[in-house]
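The shown structure was predicted, so the numbers you read here are calculated from the model rather than taken from an experiment.
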Amino acid sequence: MSVKHAQPNLSQSQASELVKRLYGLTTSEVRSLPSYDDQNFYVAAEGGEYVLKIMNTEDSKKPDLIELQTYAMSFLHKNGLPAQTALPNTSGQLMTLEEIDCGYGCQKYLVRLLTYLPGTTISKTPLTPQLLFEAGKTAAKMDKTLEKMDHPNLRLLERENFIWSLSSVALLDAYIHALDGDPLQELIKSVIRQYETYVVPRRSNFRKCINHGDFNDLNVLVQPDESGGYRITGILDFGDMNSGYYIHELAITIMYMMTEHPEPVEVAVNEECVFVTFTLLTGKHW
């Protein structure tokens, strides 16, 4: 996101005031949570725990897309997956566009109050075969469930030239100059060329679905289970949802699990882990 000051920068007192004004809740604790280009706050209020999410100004200009993402989260939750849901404000709305001064003039931000999901990110957890199995299982169940979702604005997920979609790998050519002088530049050029040569002509053979698009090590929460292992307790951040292919979700999941594993190649080839789990549960063959 290149627009200057697009990311919100509210103080804790501003966040507390928003929760009181929009949701009628008096906060007992407010603290910042990590975020890439939005702003998130943990909020404890009147016996409940929530996440106050303030969208950046650019995404706030796309209320129909954010509403669709919010609906998808609720749809997954109703179908047994650990996704957040949005709470209605005192006017019954799941999100509102608020004009707020974060220190560089008043700007408009979409605001939602989401349920709080317990757990720690999978990035802080030892990636055992059992947990990798759970990651593949959850990603597969998520995509199979989203395949059944109906919504009048589904067309908005056809995000042409969306840089974060694996359908848009060729767009990376425009940024390859940033690696001038880096020995990795030629390797990355080669990957892009192979994608264009071997993947693009075969895309019509792939099975389409709705992708979460960012099933990464910071967007998956886990907690210890009764067997001494871990279970997945949260899927976060649906901002990169797009109309893609099952193979894309699989590739994204494997790649992020590889980055956190001490022996990354094991993630991709271990038959007990992500690939076989995803394939068996989706019934898709590549």
Side-chain angles (χ1 to χ4, degrees), residues 1-74 76-77 82-124 164 212-214 216-223 233-241:
M1 183 179 59
S2 60
V3 179
K4 188 176 182 181
H5 301 318
Q7 185 172 15
N9 186 32
L10 278 71
S11 65
Q12 291 184 359
S13 61
Q14 285 178 303
S16 183
E17 187 277 329
L18 266 182
V19 172
K20 178 65 174 178
R21 177 166 58 85
L22 296 178
Y23 298 92
L25 296 173
T26 300
T27 61
S28 57
E29 182 183 357
V30 177
R31 55 180 165 84
S32 295
L33 292 172
S35 181
Y36 179 67
D37 54 10
D38 302 318
Q39 189 175 19
N40 300 324
F41 289 96
Y42 167 84
V43 173
E46 300 180 21
E49 294 179 291
Y50 312 94
V51 173
L52 180 67
K53 187 169 188 68
I54 303 102
M55 306 296 296
N56 66 77
T57 57
E58 292 305 294
D59 286 338
S60 293
K61 297 173 184 176
K62 307 167 188 174
D64 289 344
L65 179 60
I66 304 303
E67 188 277 328
L68 174 56
Q69 294 167 4
T70 306
Y71 178 85
M73 292 158 57
S74 177
L76 289 172
H77 176 78
Q84 294 172 287
T85 58
L87 282 74
N89 60 24
T90 54
S91 300
Q93 299 170 294
L94 295 181
M95 63 183 187
T96 56
L97 189 64
E98 299 295 319
E99 193 167 287
I100 305 168
D101 188 347
C102 293
Y104 23 75
C106 286
Q107 299 193 79
K108 294 181 179 179
Y109 307 94
L110 277 174
V111 176
R112 290 174 292 172
L113 190 66
L114 306 176
T115 51
Y116 176 79
L117 299 178
T120 186
T121 59
I122 203 170
S123 64
K124 298 178 180 178
W164 299 110
H212 174 278
D214 201 13
N216 72 45
D217 48 313
L218 298 177
N219 286 337
V220 179
L221 301 177
V222 298
Q223 279 190 313
T233 56
I235 307 170
L236 308 178
D237 194 355
F238 286 74
D240 287 350
M241 275 182 66

Under 3.5 Å, sequence neighbours excluded: what are the donor-acceptor pairs made by side chains of residues 115-122?
{"unit_1": "T115", "atom_1": "OG1", "unit_2": "T85", "atom_2": "N", "d": "3.0"}
{"unit_1": "T121", "atom_1": "OG1", "unit_2": "S123", "atom_2": "OG", "d": "2.8"}

Look up atom CG in D38 and atom CD1 in I54, then write down how far apart they are to the nearest 0.5 Å. 9.0 Å
Mind running side chain to side chain contact (heavy atoms under 4.5 Å, CB included) on L94 and Y71 for me, showing each step along the way? CA-CA 10 Å; L94 295 181; Y71 178 85; over 6 Å; no
By salt bridge (Lys or Arg N to Asp or Glu O under 4.0 Å) - contacts of K61 (at least two apart): E58
Is any side-chain heavy atom of L22 less than 4.5 Å from a side-chain heavy atom of L113? no
Atom CD1 of I100 and atom NZ of K108: how far apart are they, to the nearest 0.5 Å? 12.0 Å
Any side-chain heavy-atom pair from N56 and P8 closer than 4.5 angstrom? yes
Ignoring hydrogens, what is the shortest heavy-atom contact between Q14 and N9? Give both atom names and the distance. OE1-O, 4.3 Å
In terms of side-chain heavy atoms, does T26 have a donor or acceptor partner in K20 at a distance below 3.5 Å? yes
Can you name the nearest heavy-atom pair linking T90 to R21, along with the distance? OG1-O, 4.3 Å
Taken to the nearest 0.5 Å, the spacing of L10 CG from F41 CZ works out to 5.5 Å
Please give me the minimum heavy-atom distance between R112 and M73, naming the atom from each residue. NH1-SD, 4.2 Å
